[in-house]
**Q** 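Sending over a structure as structure tokens; questions will come in a sec.
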Amino acid sequence: MIMDPLVDRFGRRIEYLRLSVTDRCDLRCAYCIPEGFKGFEEPAHWLDFDEIERLMHLFAGLGLKRIRLTGGEPLLRRNVTDLCRRLSNLPGIEDISLSTNATQLAGMAADLRQAGVTRLNVSLDSLREEGVERINGRPVLGQILDGLEAGRAAGFAPIKINMVVMQENAGEIESMVDYCMERGFVLRLIELMPMGDTARRMGYVDLQPVIAQLRNRFDLIDRVLPGGGPARYLGSRDGRFNIGFITPISQHFCDTCNRVRLTVDGILHLCLGQEEQVDFRSLMRGGATDPEIIAAIRRAIDLKPERHEFREAPGKLVRFMNMTGG
Ligand code: SAM
């Protein structure tokens with residue numbers, strides 16, 4: 001029983017943490033890490049597994065229930081399955097999930113499942129090799145599709161496919177719906193967020209008209225999915241297919257935001273689109289005791305801003321997604 005759970009100034013209970021285990025990635029998605037990006041974090045600053053486990057244990061004592069490993073590309077962090085196993089054994093943690101580009105998934109899916117990862121989100125922006133190469137910077141479609149099949153064979157269900165919609169791939173939404181329907185994947189369409197100049201150049205597409213078109217074209221009805229997070233869902237009438245829409249720009253969902261983000265170097269970000277942050281690496285490496293860290297977690301949650309301002313101030317945020325952890 002958590003006596004005094006984490007609740008921010010706006011009454012939101014914080015139960016979900018996105019844990020970036022690396023800021024490196026084998027892809028160069030045009031909206032995420034710009035080609036030639038040099039600002040990666042020094043390995044000496046990466047939290048090691050003992051530090052991560054200690055901090056997550058203290059968060060769990062304050063009511064944290066769900067951890068999603070992300071990055072950069074989390075499967076590039078050496079021995080990441082060991083970390084998953086350690087985190088899934090923490091008392092209070094009910095769910096360990098992972099966001100991946102799936103290029104390394106084929107060889108790791110079964111181990112991840114065994115290590116206690118319960119859910120997988122896979123990023124896939126195009127089903128055409130040239131589309132993947134243009135948007136994601138590398139010709140890796142085959143590897144991703146093999147990874148998805150391995151994920152399914154390992155028993156991850158349902159696998160969610162995240163497609164960031166921009167001018168480049170808006171014409172492919174219906175073929176992505178068909179692909180996901182056939183394979184039993186949940187599709188989630190995500191609005192492009194203006195994280196840095198490269199993302200801003202990719203051409204934002206408002207998903208509200210897309211929602212209406214897909215509803216008619218595929219005869220979809222409103223659906224509520226447990227643990228669906230900020231996505232609004234539509235589904236097929238037979239219940240076999242669901243599609244979510246994550247619309248941070250056209251309809252933000254900050255009033256239900258229950259999450260915080262920890263970077264690979266131990267900085268806790270209280271909002272994806274704002275600057276409020278607290279450095280837990282320096283605290284831990286400076287010898288802080290557990291009660292001191294718990295007090296710092298509570299102070300950090302008090303800093304959580306009410307909402308992002310992607311729409312009102314799209315040029316404001318210069319941090320890239322691989323740095324904060326997507
Ligand atoms: N490498 C992993 C992956 O590909 O899922 C995890 C990290 S990635 C940064 C997490 C998610 O953030 C991906 O679905 C990616 O498409 C999304 N993302 C990155 N930059 C974005 C942006 N500017 N707008 C919207 N989504 C973005």
Side-chain angles (χ1 to χ4, degrees), residues 18-35 37 40 67-77 80 97-105 108 112 117 119-126 131-132 134-138 140-141 143-144 147-148 151 156 159-170 172 176 185-207 229-231 244-250 252-253 259 261-264 269 272-273 308 310-311 314-326:
R18 294 203 171 196
L19 175 67
S20 174
V21 293
T22 179
D23 58 352
R24 318 280 155 129
C25 191
D26 51 338
L27 302 186
R28 286 293 175 273
C29 300
Y31 49 75
C32 188
I33 308 186
E35 201 70 63
F37 176 76
F40 292 109
I67 300 173
R68 171 174 296 277
L69 276 74
T70 179
E73 174 45 44
L75 300 189
L76 296 184
R77 177 82 188 245
V80 71
S97 57
L98 194 139
S99 288
T100 176
N101 62 31
T103 60
Q104 317 292 311
L105 187 60
M108 297 177 75
L112 288 166
V117 177
R119 295 181 303 120
L120 278 186
N121 285 6
V122 171
S123 298
L124 180 63
D125 296 326
S126 173
V132 169
R134 279 171 69 103
I135 298 170
N136 309 110
R138 303 285 183 270
V140 288
L141 179 63
Q143 277 163 255
I144 298 175
L148 275 166
F156 288 104
I159 294 177
K160 289 183 180 155
I161 305 278
N162 285 340
M163 176 184 191
V164 178
V165 179
M166 61 211 106
Q167 275 156 19
E168 176 80 29
N169 64 355
E172 284 195 63
M176 192 67 86
F185 298 141
V186 173
L187 176 60
R188 289 161 8 127
L189 301 182
I190 303 177
E191 282 179 349
L192 182 67
M193 289 179 276
M195 325 282 290
D197 286 344
T198 40
R200 288 190 272 273
R201 276 200 297 273
M202 293 308 287
Y204 165 73
V205 173
D206 183 340
L207 284 182
F245 302 89
I246 303 181
T247 55
I249 312 295
S250 65
H252 74 79
F253 33 80
R259 64 195 56 187
R261 292 177 151 84
L262 188 71
T263 61
V264 64
H269 287 269
L272 189 57
H308 67 66
F310 286 138
R311 197 167 185 146
K316 181 170 174 179
L317 196 72
V318 290
R319 209 164 61 223
F320 297 114
M321 202 69 156
N322 70 305
M323 296 162 77
T324 320

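We count ligands from 1, going down the list as the structure has it; atoms in each ligand are counted the same way. Predicted, not measured: the structure shown is a model, and the values here were computed from it. One-based numbering along the sequence shown.
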**Q** With heavy-atom distances below 4.0 Å as the criterion, list the atoms of ligand 1 near N162.
**A**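 That gives atoms 14 (O) of ligand 1.
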**Q** Is there a polar contact between ligand 1 and Y31, counting only N or O atoms under 3.5 Å apart?
**A**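 For ligand 1, there is an N or O atom that lies under 3.5 Å from one belonging to Y31.
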**Q** I want to check something: taking the side chain as every heavy atom from C-beta on, are F185 and V122 in contact at a cut-off of under 4.5 Å?
**A**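 No, side chains not in contact.
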**Q** Would you kindly specify which portion of N101 sits under 4.0 Å from ligand 1, judged on non-hydrogen atoms: side chain, backbone, both or neither?
**A**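 The answer is both.
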**Q** Going by the atom numbers of ligand 1, which of them fall below 4.0 Å from some non-hydrogen atom of E191?
**A**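 Result: 25 (C).
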**Q** Taking all heavy atoms of I135 and all of D125, pick out the closest pair and write down the distance.
**A**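 Closest pair (atom of I135, atom of D125, distance): CG2-OD2, 3.7 Å.
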**Q** Side-chain contact test, heavy atoms from C-beta onward, threshold under 4.5 Å: evaluate it for V140 versus V132 and give yes or no.
**A**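 Heavy-atom side-chain distance check passes, below 4.5 Å.
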**Q** Under 4.0 Å from a heavy atom of T70: which atoms of ligand 1 are those, numbered in the order shown and with their elements?
**A**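 Every atom of ligand 1 under 4.0 Å from some heavy atom of T70: 6 (C), 7 (C).
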**Q** N/O to N/O below 3.5 Å, does that happen between C25 and ligand 1?
**A**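 Min N/O separation from ligand 1 is not below 3.5 Å for C25.
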**Q** Between E73 and T22, does any side-chain donor sit less than 3.5 Å from a side-chain acceptor?
**A**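 No, no side-chain donor-acceptor pair sits under 3.5 Å.
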**Q** So, E191 side chain and S250 main chain: donor-acceptor pair closer than 3.5 Å or not?
**A**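 Here the side-chain-to-backbone pair exists.
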**Q** At the 4.0 Å heavy-atom cut-off, does G72 count as touching ligand 1?
**A**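 Flag set, G72 near ligand 1.
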**Q** Would one find an N or O of N121, backbone or side chain, under 3.5 Å from an N or O of ligand 1?
**A**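 Between N121 and ligand 1 (N or O atoms, distance only) the closest approach is not under 3.5 Å.
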**Q** Once side chain to side chain donor-acceptor pair (under 3.5 Å) is applied, do any residues pair with N162, and if so which ones, sequence neighbours excluded?
**A**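 Listed in chain order: R188.
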